[in-house]
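Notes follow the structure.
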Amino acid sequence: FQPGGFEFEGIVPVAYFLFALCLGTAAGAVLRRTVPAMAVTLVGFLVVRLGLQPVRAHFMTPVTAVVSAAKGGPDPTAGGWMVDNGLTDASGNAVFGPELHALCGQATGEVSSACLQNHGIVLRAVYQPADRFWPFQFIEAGIFVALSLALVGLTIWLVRSRLR
């Protein structure tokens, strides 16, 4: 479910191909030149595809898991897509390295588990569960199919208007 693998599995690659084909056809109909249409297609595809990547994490509301920073145990985020994570104190404020070592650091540089527990420091993980892989595939494929249909409509309109 991690970015980088998501784009090469499921139905999304087919939707990418359909969009690129429709974009190339529309660019050719508008520009009526092959090489400039190819360049517009490449740039346009990359802009749309890479522009959608940061939005993907918000197709559905991410889940937040809070686990003890002091104890090991089963990872609730296993197989999911980690959107954000970090240590937080009892008030929900982020705790970073220097603060953590000032609070709980020992002479050895290690952080005491008991100290983490005493200060209520927990690990907060915001993630998309692994079972959302297919809904995300359908959402992203739907976006690219909708864009493809709009481009087909534009292409048909352009060609018909030139034939009149």
Side-chain angles (χ1 to χ4, degrees), residues 1-69 72-89 91-97 99-100 121-164:
F1 198 23
Q2 297 298 323
F6 179 85
E7 295 92 352
F8 300 106
E9 296 181 33
I11 60 173
V12 167
V14 176
Y16 290 163
F17 172 76
L18 178 66
F19 172 70
L21 179 67
C22 293
L23 180 60
T25 305
V30 169
L31 299 173
R32 298 198 291 190
R33 296 269 199 211
T34 304
V35 175
M38 290 170 62
V40 166
T41 302
L42 178 63
V43 171
F45 175 77
L46 289 175
V47 165
V48 173
R49 174 126 145 42
L50 296 176
L52 193 62
Q53 211 165 0
V55 178
R56 183 184 303 142
H58 305 287
F59 285 167
M60 298 171 91
T61 304
V63 174
T64 301
V66 177
V67 294
S68 171
D75 181 6
T77 66
W81 175 16
M82 187 67 65
V83 177
D84 186 29
N85 67 353
L87 295 173
T88 58
D89 62 16
S91 305
N93 300 318
V95 178
F96 298 102
E99 295 173 81
L100 184 63
I121 296 175
V122 294
L123 177 63
R124 182 189 52 82
V126 179
Y127 68 103
Q128 293 290 354
D131 63 353
R132 292 185 179 175
F133 176 81
W134 283 108
F136 274 56
Q137 284 274 313
F138 284 112
I139 291 168
E140 188 153 330
I143 291 169
F144 278 92
V145 168
L147 290 171
S148 299
L149 292 173
L151 288 167
V152 167
L154 173 69
T155 303
I156 291 171
W157 179 78
L158 282 169
V159 170
R160 281 190 172 179
S161 67
R162 286 192 185 131
L163 292 176
R164 290 182 192 165

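The basis for the numbers below is simple: all heavy atoms, side chains too, and nothing from hydrogens, waters or symmetry mates.
Between T64 and Y127 there is no side-chain heavy-atom pair separated by less than 4.5 Å.
Annotation: the span from C22 atom SG to L147 atom CG amounts to 10.0 Å, rounded to 0.5 Å. L154 CG to L158 CG: the interatomic distance, rounded to the nearest 0.5 Å, is 4.5 Å. Separation of atoms CD (Q128) and OG1 (T61) is listed at 8.0 Å; rounding is to 0.5 Å. Between the CG atom in L21 and the OG1 atom in T41 there is a gap of 9.5 Å [rounded to 0.5 Å]. Rounded to the nearest 0.5 angstrom, F19 CZ and L151 CG are separated by 5.5 Å.
Residues in residues 12-32 take part in these side chain to side chain donor-acceptor pair (under 3.5 Å) pairs, two or more places apart or across chains: Y16-E140. Listed by first then second residue, pairs satisfying salt bridge (charged side-chain N to carboxylate O under 4.0 Å, His left out) with a partner in residues 148-161 number zero, not counting sequence neighbours. Sorted by first then second residue, the salt bridge (charged side-chain N to carboxylate O under 4.0 Å, His left out) pairs that include residues 76-89, not counting sequence neighbours, are D84-R124.
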Would R49 and L46 count as a side chain to side chain contact (heavy atoms under 4.5 Å, CB included) if you check the C-alpha gap in whole Å, the side-chain angles of each, and the deciding distance to 0.1 Å? CA-CA 5 Å; R49 174 126 145 42; L46 289 175; 5.7 Å; no
Would V145 and L18 count as a side chain to side chain contact (heavy atoms under 4.5 Å, CB included) here? Give the steps. CA-CA 7 Å; V145 168; L18 178 66; 4.1 Å; yes
Would V126 and V63 count as a side chain to side chain contact (heavy atoms under 4.5 Å, CB included) here? Give the steps. CA-CA 6 Å; V126 179; V63 174; over 6 Å; no
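Listed by chain and residue number, nothing satisfies the side chain to side chain contact (heavy atoms under 4.5 Å, CB included) test with P13 (two or more places apart in sequence, or in another chain). In this structure, the ring-ring contact (aromatic ring centres under 6.0 Å, His included) partners of F59, at least two apart in sequence or on a different chain, are F136. Every residue two or more places apart in sequence or in another chain that forms a side chain to side chain contact (heavy atoms under 4.5 Å, CB included) with F96 is listed here: A94, P98, E99.
In this structure, F45 and F144 have tilted ring planes: the angle between them lies in the 30° to 60° band.
Side chain to side chain, Q53 and E7 meet the donor-acceptor criterion of an N or O pair below 3.5 Å.
Of the possible polar contacts, one joining the Q137 side chain to the F6 backbone as a donor-acceptor pair under 3.5 Å is found.
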